[in-house]
Amino acid sequence: MSQPKPKSRVTIGHVFKTIIWPRKNILFVGLLLIIISRAAGLVPPWATKPFMDDILVRRDLDKLPELLIWVTVAILIQAVTSFLLTKILSVEAQRLISILRSNVQKHLLRLPTRFFDNQKSGALVSRVMNDVEGVRNLVGTGLVQLVGGVLTAIISVIFLISINPLMTLFILLPMSIFGIITLKAFSIIRPVFRERGKITAEVTGRLTETLNGVRVIKGFNAEQQEIKVFEKGVEQLFLNVKKSLTSTSFVTSSGTFLVGLASVGIMGLSGYFNLTAGDFLQFTMFMVFMIAPIVQMSNIGSQLTEAFAGLDRTEELMNTPIEDDGTLRTIRLNEIKGNIEFKDVSFSYEEGKPVLKNISFSSPSGSVTALVGTSGSGKTTIAGLAATFLNPESGSITIDGIDIEKVSLDSYRSQLGVVLQDDFLFEGTIRENILFPRPNASEEELQKAVRAAFVHEFTDRFEKGLETVIGERGVKLSGGQRQRIAIARAILANPRILILDEATSNLDTESESFIQDSLKTLMQGRTTFVIAHRLSTIRQADQILVVEEGQIQERGRHEELIEKKGRYFQLYTYQARI
Ligand SMILES: Nc1ncnc2c1ncn2[C@@H]1O[C@H](COP(=O)(O)OP(=O)(O)OP(=O)(O)O)[C@@H](O)[C@H]1O
Ligand SMILES: [Mg+2]
């Protein structure tokens, strides 16, 4: 899979500035611990020479207790430091992960609704949760180990040179080859890791959709198809992991092979160079101490590569511009009256395909504007513009005479309420769902909203009343019940401007009349835009806009339009979808 978009790549400098530097203190402590631990780690190989030459060969037993104490203390220091290291750094890494997750989620919610039109929600979930995981390796023990490893390797090389410079040179050669192989391998692996994040997001996204649409899938007997799609995704993931495994295992094996080669060389050379048994053992031990971190580094290297790949993807998301960065939308609204005016508004989702053409109308404070028209004519788009989910391409929308594009979204939307066709309910209780826009509302206000929307009419029959848990997206309720909860929620929010996408669902006449009554209460005294299908709502409207092909074809009140015998009359009498 190739990505046509240019990739935003995270540089080491950027990571250093944003992730490493702010944690310099803790990382410094970590580094100090690593140095102590590594220094202690050098004691046992150093001890091999006196042990071999003085104690085993010359049987100078006086030195033994001292030697044993040194080694024991060194081992103890190692144990304590490695414990502290994990505790300090791993905890910090997890803290960073949670901070990053929150930041990404915060940014995500500030992106325009248009952004979400092109994204799978499950894929975004994976980007918030998984992509930041990698930094565990940056702040966690990974980076510090790497630095510690380099230090140990350098110190070991110095020791090795002091024992025998020529032999050292000999083992440095295969090590350099190994270093080059490793670097090369990581430049190959990084895109593979990047790709992996993408595939995971893709697969998770599809799975989430499958689960959300389980009724449709079963209804059309399409399980086999979904199974196939998922299998393909999982297979892709497998192939990706396989690719990176091949590279990493190649690095590890070539490391082992070159180390082996070096040891063979040492064995041979030590004969020529006349080393003592102690020197040989010490040399070998230091060699291991030099090589071990290098091999370990290749592991850490792949962890860091993974971290960078994840950060690349996170950065991509964080670089997506938010809908209100406070530079253009500088006007804060206080209490608004709610006069909304569209002046020559045009809009298109895709360039060259205008959806709205020069729409002009005004909705005075407290009035009800009904939008009717054939499917796809642009009604939801007009509502989306009024809700600031979309911005006009040309023309302007004003609220109390102020250009809506200059108004801070926060101050506008706090006075806006929406009841959408496929209304959104959370997993949780009915009470929580109604309280959602105003969690601190009083019990009295809540009860008032519940009554006004006739929610009590059905909750009174539930054993747990308002505390009934309604399942994800409210699946445990009927369409009409869900709608009444959404209406209660909007009544409680008490917005100045209300946007209603009325459902066409065939409710029984009884709940229909409940909903009619509750809608009436809801719309009272608010500037309302309603995409109306119900005749009762349309009749009450102060103005009806008949939208056809992105233009307002007719406007007026119900009786006027009927009299006119135009498009509205047609829609109305044919009982087409209005
Ligand atoms: N997110 C989008 N991206 C691209 N095109 C879109 C998007 N949303 C809607 N459109 C297109 O814009 C046009 C108007 O859509 P809109 O949703 O406003 O129609 P509508 O009048 O609300 O229809 P309905 O009565 O079926 O809800 C349609 O042709 C539709 O294909
Ligand atoms: Mg619509």
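Hydrogens, waters and symmetry mates play no part in the numbers below; they use all other heavy atoms, side chains included. Ligands are counted one by one from 1 in listed order, and the atoms in each one are counted from 1 as well.
The parts of Thr380 lying near ligand 1 are both backbone and side chain, judged by heavy-atom distances below 4.0 Å.
Using a cut-off of 4.0 Å between Lys/Arg side-chain N and Asp/Glu carboxylate O, Arg431 and Glu443 are scored as salt-bridged.
The residue among Tyr349, Phe116, Phe389, Phe347 with a heavy atom at the shortest distance from atom 2 (C) of ligand 1 is Tyr349.
With ligand atoms numbered from 1 in the order given, ligand 1 contributes 1 (N) to contacts under 4.0 Å with heavy atoms of Asp117. Numbered from 1 in the order shown, with element, the atoms of ligand 1 that lie under 4.0 Å from a heavy atom of Thr381 read 14 (C), 15 (O), 16 (P), 18 (O).
In this structure, Phe529 and Phe361 have perpendicular ring planes: the angle between them is above 60°, well past the 30° mark. The aromatic rings of Phe347 and Tyr349 sit perpendicular to each other, their planes meeting at more than 60°, with 30° as the lower class boundary.
Between the CD1 atom in Ile331 and the CD atom in Glu405 there is a gap of 11.5 Å [rounded to 0.5 Å].
Close N/O approach between Glu350 and ligand 1 is not found [any backbone or side-chain N/O within under 3.5 Å]. Inclusion of Gly373 in the set of residues having an N or O under 3.5 Å from an N or O of ligand 1 is not warranted. For ligand 1, none of its N or O atoms has an N or O atom of Val355 under 3.5 Å away.
At least one N, O or S atom of Thr380, from either the backbone or the side chain, sits less than 2.8 Å from the Mg ion (ligand 2).
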Could you go step by step and tell me if Asn494 and Arg526 meet the side-chain hydrogen bond (donor to acceptor under 3.5 Å, both in side chains) rule? CA-CA 9 Å; Asn494 193 21; Arg526 311 179 205 281; 2.7 Å; yes
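With a 6.0 Å cutoff to the six-membered ring centre and a 45° limit on the axis angle, Lys565 counts as a cation-pi contact of Phe569.
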